[in-house]
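Data block below; observations after.
The first residue of the sequence shown is numbered 1, and numbering continues consecutively from there.
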Amino acid sequence: MSIQSEEKSKKIYFLLFLVPLFWGGAFGTAQHVITEISPLIAATLRFGSAGLLLLIIVLLRGEWNWKVLRRRWFGLFLMAITGIFSYNAFFFIALKYTNAVNASLIMATSPVFITLGAILLFNEIWSKRLGVGLFLSLTGVVLVIMQGSIQTLLSLSFNKGDLLFMAALASWVIHGLIGKVVMQGVSPLFTTTITTLIGSIFLAIGSLFDGEWKAVLAMSGQSWLEMIYMVVFATVIGFLLWNMGIHQIGASKASIYMNLVPINAGWIAVVLYGESVKWQQLFGMLLVITGVFIVTYNKSLRGLKVQAR
């Protein structure tokens, strides 16, 4: 490895720390924004604006590909419906009923379930590590959802927002599994741009039945700053850095950084938005992060062994 490429590799390891920071911050900012405008209007603003910015980047880099679009349109459409429309509809609506810490913990389990789905659908190999990681992650999520009370579990009186985030999790996992097939040989930047644009159209249609758009004009300065943050940092820059990381060090090693998302979501919600953290959330966070780390770290080690050969 040349000195230049080695320095480039070291740089991306530091830059990737920004991705879970930006994505973790999106939970608290989104929760505040929807106190002033409806959830689907907020989602439309975020992803519609991000889609246009990504389109400009794709056109400037010359990555627009009509041939790929014609050949993979159905798969890209399904990715847009699951990963942009339904995921974000559930995401923004759920934040009306639950807090940022619970939300980030539930979503943090997605790598585990995507790996499990890949085993069931794409014949990837099952391992004891995956079983342990799945058990720990599920235990952590159940602990958070039942709020440390067995009565909550027995009476099935779960928080509506937590259940909606479970639906968001399912949407994101399906999106990831479809992506494993659709994105083969396709630029991740082009794929994300197309799915974001398509998904935001459906979010816009849904927003027509979810509040009045004139409320956007009355948004406070804080909410506008939070929206800009979600568009520029949590969506556009976050994706570009993530894409760069996957390209330079691989998806397995990059995915380990996602363990930091619930931690960042937690301290940002506490410090900037005055949320309180309960022992159930802290213990659940420990279980979820440990479970996801076991699964992703194992994948990373396999990737390193392959490279060594």
Side-chain angles (χ1 to χ4, degrees), residues 16-32 34-35 90-92 94-116 129-170 172-173 226 229-230 234 238 254-298 300:
L16 278 172
F17 277 108
L18 295 175
V19 178
L21 176 63
F22 293 158
W23 288 353
F27 288 88
T29 53
Q31 190 167 35
H32 178 262
I34 62 172
T35 62
F90 287 131
F91 178 101
F92 279 88
L95 283 173
K96 290 180 64 176
Y97 305 102
T98 191
N99 58 62
V101 177
N102 280 22
S104 64
L105 281 172
I106 293 170
M107 292 310 305
T109 63
S110 60
V112 178
F113 287 103
I114 289 174
T115 302
L116 178 63
R129 279 181 174 268
L130 176 60
V132 173
L134 181 63
F135 173 76
L136 289 175
S137 298
L138 276 175
T139 302
V141 169
V142 169
L143 179 63
V144 170
I145 291 177
M146 63 186 281
Q147 301 170 9
S149 170
I150 192 67
Q151 187 60 38
T152 300
L153 187 63
L154 294 176
S155 64
L156 298 179
S157 58
F158 301 113
N159 180 287
K160 182 178 180 180
D162 291 340
L163 295 179
L164 285 171
F165 260 108
M166 293 297 289
L169 173 64
W172 188 252
V173 169
E226 289 167 334
Y229 167 83
M230 287 192 289
S255 65
I256 294 175
Y257 285 83
M258 293 305 96
N259 296 321
L260 299 174
V261 171
I263 296 176
N264 287 323
W267 74 258
I268 289 172
V270 170
V271 174
L272 298 183
Y273 295 96
E275 279 195 17
S276 59
V277 178
K278 301 176 181 177
W279 71 265
Q280 302 97 306
Q281 293 171 318
L282 290 174
F283 190 54
M285 183 182 298
L286 177 63
L287 290 175
V288 168
I289 291 173
T290 302
V292 175
F293 181 78
I294 287 173
V295 174
T296 55
Y297 185 65
N298 184 46
S300 176

Distance-minimising heavy-atom pair for [X] and [Y]:
X: P262; Y: L105; value: CB-CD2, 3.8 Å
X: A100; Y: Q31; value: N-OE1, 3.5 Å
X: S137; Y: V112; value: OG-CG2, 3.7 Å

> Quick one: does T98's side chain have a donor or acceptor within less than 3.5 Å of a partner on L95's backbone?
Replying inline: no

Spatial distance of atom [atom1] ([X]) from atom [atom2] ([Y]) [nearest 0.5 Å]:
X: N102; Y: M107; atom1: CG; atom2: CE; result: 13.5 Å
X: L272; Y: W267; atom1: CG; atom2: CH2; result: 6.0 Å
X: L136; Y: L286; atom1: CG; atom2: CG; result: 9.0 Å
X: I114; Y: L169; atom1: CD1; atom2: CG; result: 8.5 Å
X: N159; Y: N99; atom1: CG; atom2: CG; result: 8.0 Å

Within the 4.5 Å heavy-atom criterion, are [X] and [Y] side-chain neighbours or not?
X: E275; Y: V101; result: yes
X: M166; Y: V141; result: yes
X: I263; Y: I289; result: yes

>> Taking CZ in F283 as the centre, count heavy atoms belonging to other residues, nucleotides or ligands within less than 6.0 Å. Is the count above 12?
In response: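 No, CZ of F283 has 12 or fewer neighbouring heavy atoms, counting only those of other groups under 6.0 Å.
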
>> Just to verify, what does Y273 make a side chain to side chain donor-acceptor pair (under 3.5 Å) with, not counting sequence neighbours?
In response: E226

>> Taking side chain to side chain donor-acceptor pair (under 3.5 Å) as the definition, give me every residue that meets it alongside S110, ordered by chain and number, with sequence neighbours left out.
In response: none

Applying side-chain contact (heavy atoms from CB on, under 4.5 Å), name anything that partners [X], two or more places apart in sequence or on another chain.
X: T35; answer: H32
X: A94; answer: L164, F165
X: L138; answer: F113, L134
X: V270; answer: V277

Mind listing the side-chain donor-acceptor pairs of residues 18-27 below 3.5 Å, one per line with the distance, residues two or more places apart or on another chain?
| unit_1 | atom_1 | unit_2 | atom_2 | d |
| --- | --- | --- | --- | --- |
| W23 | NE1 | A234 | O | 2.7 |

> Mind checking what makes ring pair (Phe, Tyr, Trp, His ring centres under 6.0 Å) contact with F90, not counting sequence neighbours?
Replying inline: none

